[in-house]
Amino acid sequence: MPKAYVIAEHLITEPAVFEEYRVKVGPMIEKYGGHYLTKGGAHQFPKAVTGSQTAW
């Protein structure tokens, strides 16, 4: 099966709703063989993709 990467940044304005999403999305990701590469602030973006700049 082809691989794909999803890059997302969340601005959480309703923590209770996000917690519900977080609990539900994990099993769905695992069901299709997905996994997190980084999460929870453990990542750092290269300078080329921060702010209003893009790398492509």
Side-chain angles (χ1 to χ4, degrees):
M1 177 177 274
K3 293 185 177 183
Y5 293 93
V6 176
I7 300 170
E9 179 180 11
H10 300 283
L11 175 61
I12 300 168
T13 58
E14 296 184 46
V17 175
F18 181 75
E19 180 63 17
E20 182 180 336
Y21 160 80
R22 190 190 67 74
V23 168
K24 290 179 179 180
V25 77
M28 182 181 68
I29 291 170
E30 289 178 19
K31 178 180 177 181
Y32 294 100
H35 61 275
Y36 289 100
L37 297 177
T38 65
K39 63 181 181 179
H43 59 275
Q44 293 182 348
F45 292 105
K47 190 171 186 167
V49 294
T50 58
S52 62
Q53 301 172 350
T54 60
W56 50 86

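With sequence neighbours excluded, the residues forming a side chain to side chain contact (heavy atoms under 4.5 Å, CB included) with E19 are R22, V23, listed by chain and number. When the salt bridge (charged side-chain N to carboxylate O under 4.0 Å, His left out) test is applied to K31, no partner is found at least two apart in sequence or on another chain. For F18, the ring-ring contact (aromatic ring centres under 6.0 Å, His included) test picks out H10, Y21, with sequence neighbours left out.
Hydrophobic cluster membership differs between I29 and V6, with clusters built from Ile, Leu, Val, Met, Phe, Trp and Tyr side chains linked at under 4.5 angstrom.
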